[in-house]
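Input: a single structure, listed below in structure tokens.
Scope of the values below: all heavy atoms of this structure, side chains included, with no hydrogens, waters or symmetry mates.
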Amino acid sequence: MSLPIEDYALISDCFTGALVGRDGSIDWLCLPRYDAQSMFGSLLGTEDHGRWLLAPSDPDARSVRRYEGDTMILVTTWTTDSGEVEVTDAMPMGDGRADLVRRVRGIRGTVRMRQDLRIRFGYASAIPWVRKDDSEHPPALIAVAGPDAIVVRGSALRATDHAHSGEFAITAGETIDLSLTWFRSHRHTPSAPNVEKALARTRDWWSKWAEGCQHDGPYRDEVVRSLLLLRALTHLQTGGIVAAATTSLPESFGGERNWDYRYVWLRDASLTISALLAHGYDDYVDHWRDWLLRAVAGDPGDVQIMYGLSGERDLSERIITTLPGYQGAAPVRIGNEASTQFQADVIGEVMLALDHGRRNGVAETRLSWALQRALMGYLEDHWHEADHGIWEIRGTPRFFTHSRALVWAAFDCAIRAVEDHGLDGPVDRWRQRRDEVRADVEAHGFDKERGTYVQHFGTTEVDASLLQLAQVGYCDWNDPRMLGTVRALESDLMRDGLLLRYRTEHGVDGLPPGEHPFLACSFWLVEQYARSGRVDDARELMDRLVALANDVGMLSEEYDVSGGSQAGNTPQALTHLTLVRAADAISDALGLGHEPTRDVVRGRR
């Protein structure tokens, strides 16, 4: 059975990532990209669905792990009665290859280590043909299935029932290097990596990247780790940013709220870019904007809310049966049906990120502004339509208040581009549309009796996404309507000190009820508290939230308070970027951070 979600750590080369368990087993790896088919899939099944275990033979061995400084290199120290060893796991940067290296270093005494390697390509649908290459010592293993091939080097392994296992002893001062390299099966087998140089290069790459982080105030370690994870989820070449490294980790254990998050949501990517911008990483705007131009090229009427890492459009959802699901939570989904939905807020998130870039001195190009003009044209044609909302409901489309407010923000950003930056556009028409949207929200999205904005027109239910209304400048943080909304959220959605997205028992999403608190929503509440003067409440909630991270600072999508465990896909970009925003808000409230941007400080009426 898979480990608890919080027992995994991510290593990454900014093309893909592997999840390494606390027990030393790599239980999830898709090569060569995050959205490729899995080769190790035991995360969504058992060891027979693919894994690479490297751990002491002693079943009572104890482990402590950490990332090596501000990098994505994982170091696990194992202690047994006979000695102590250190295992360093990394996916090397800068070599243009798909390598995974595992260095074992003896620290004290002698420790026997064991390996269990089970290669299952194609989401565990293909057991490969494996042969030994005796030209190397010890012999390398070469595994091939269809278009995929890997070569595994290091300690000798023996075959037993479609698995390869072996043991070796390591003493103090000794180092043994293991490696796995993916390659296309019609190509020649690549040479062995130089592990020493690969680790040094990777250590230097990540450390230099982290040095650029600009953040003053409390929670610096959590902010830097979150930004590192966001960078790890960003494709090094294309600039696409996946929402998480995994698919089908359940929001509700044993339930069917299992989704594939290994794609690029325009919303999540836009918010990530804003978080990076706020911390000194200005160059990422150009890279992501180029990705955006390629992804949405053509008719703006064909714009999607998500794409593949290179801008692929066909993300057709299907259920696979070769992986039984995380601890039995089925179905396992590949692709995402939400890619065909209309979510009216998405254009607003994109426009906000690009507006943020302009205000940080990122110059527009002829093509980038033309793209934004096209997106605004699309929004002008569709803003009045019901949509599926930020939570991608699979029920009847609604007029979600959050979506309407983000439509308002899109027009506001476009107007500001003309007024403040001298770009061309039908500003009078945009002003008229902006005013129409606001009037619509105030007439139908606000419950005067309770003094709160509501989830969608025609209901009295609330939704945690309403916390973004102040973030995007629709209203001020201290506006009585915003404060009334906060009170309603605290009353209706707070569970065990954390915030739900909405009450699923009312059936708005078209799915069976039941889920755990959504961590990003609680981080949004921290930001609201800090910006509206409730700094003590902000710090109390922030401390509770960061304590939910695992031992290496990773957070998933949700948290099961009663079970004391993380839930949903991991690491979740939205969770980590909202952590960064919350920390910034607290720093600003304490007078320790940079001056927040205009839409965050005072909003626009």
Does a donor on one side chain sit under 3.5 Å from an acceptor on the other, for [X] and [Y]?
{"X": "Y34", "Y": "S12", "answer": "yes"}
{"X": "D509", "Y": "Y502", "answer": "yes"}
{"X": "D584", "Y": "Y219", "answer": "no"}
{"X": "T246", "Y": "N569", "answer": "yes"}
{"X": "Y261", "Y": "E557", "answer": "yes"}
{"X": "E392", "Y": "W265", "answer": "yes"}
{"X": "D463", "Y": "H456", "answer": "no"}

From [X] [atom1] over to [Y] [atom2], what is the distance, rounded to the nearest 0.5 angstrom?
{"X": "L352", "Y": "S274", "atom1": "CG", "atom2": "OG", "answer": "7.0 Å"}
{"X": "E558", "Y": "L548", "atom1": "CD", "atom2": "CG", "answer": "12.5 Å"}
{"X": "L525", "Y": "L499", "atom1": "CG", "atom2": "CG", "answer": "5.5 Å"}
{"X": "L354", "Y": "S270", "atom1": "CG", "atom2": "OG", "answer": "7.0 Å"}
{"X": "M306", "Y": "L315", "atom1": "CE", "atom2": "CG", "answer": "6.5 Å"}
{"X": "Q566", "Y": "M554", "atom1": "CD", "atom2": "CE", "answer": "7.0 Å"}

If only atom types and distance count, is the side chain of [X] paired as donor or acceptor with the main-chain N or O of [Y] below 3.5 Å?
{"X": "S2", "Y": "Y326", "answer": "no"}
{"X": "Y281", "Y": "C213", "answer": "yes"}
{"X": "D412", "Y": "W408", "answer": "no"}
{"X": "H388", "Y": "P397", "answer": "no"}
{"X": "T247", "Y": "I334", "answer": "no"}
{"X": "S587", "Y": "L592", "answer": "no"}

ask   = Is R501 salt-bridged to E251, going by a charged N under 4.0 Å from an acidic O?
value = yes

query = Is it true that D355 and R416 have a side-chain N and a carboxylate O under 4.0 angstrom from each other?
reply =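 Answer for the salt bridge query: yes.
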
Worked verdict on R433 versus E436 for salt bridge (charged side-chain N to carboxylate O under 4.0 Å, His left out) = CA-CA 5 Å; R433 293 290 178 270; E436 288 174 356; 3.7 Å; yes

Residue list, salt bridge (charged side-chain N to carboxylate O under 4.0 Å, His left out) with [X], at least two apart or on another chain:
{"X": "D345", "answer": "R267"}
{"X": "R313", "answer": "none"}
{"X": "R33", "answer": "D35, E312"}

remark   = Nearest heavy-atom approach of G497 to L541 is O-CD1, 3.5 Å

message = Please give me the minimum heavy-atom distance between R404 and A344, naming the atom from each residue.
response =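 Residues R404 and A344, closest heavy atoms: NH2-CB, 3.6 Å.
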
request  = May I ask you to test the E442-R481 pair for a side-chain heavy-atom distance under 4.5 Å?
outcome  = yes

query = Under 6.0 Å between ring centres, would you say that holds for F518 and W391?
reply =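 Yes.
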
inquiry  = Is the terminal nitrogen or CZ of R438 (NZ for Lys, CZ for Arg) located under 6.0 angstrom from the six-membered ring centre of Y474 and within 45° of that ring's axis?
reply    =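 Because its charged atom sits under 6.0 Å from the ring centre and within 45° of the axis, R438 does stack over Y474.
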
task = Among R358, R373, R359, find the residue that satisfies the salt bridge (charged side-chain N to carboxylate O under 4.0 Å, His left out) test when tested with E364.
result = R358

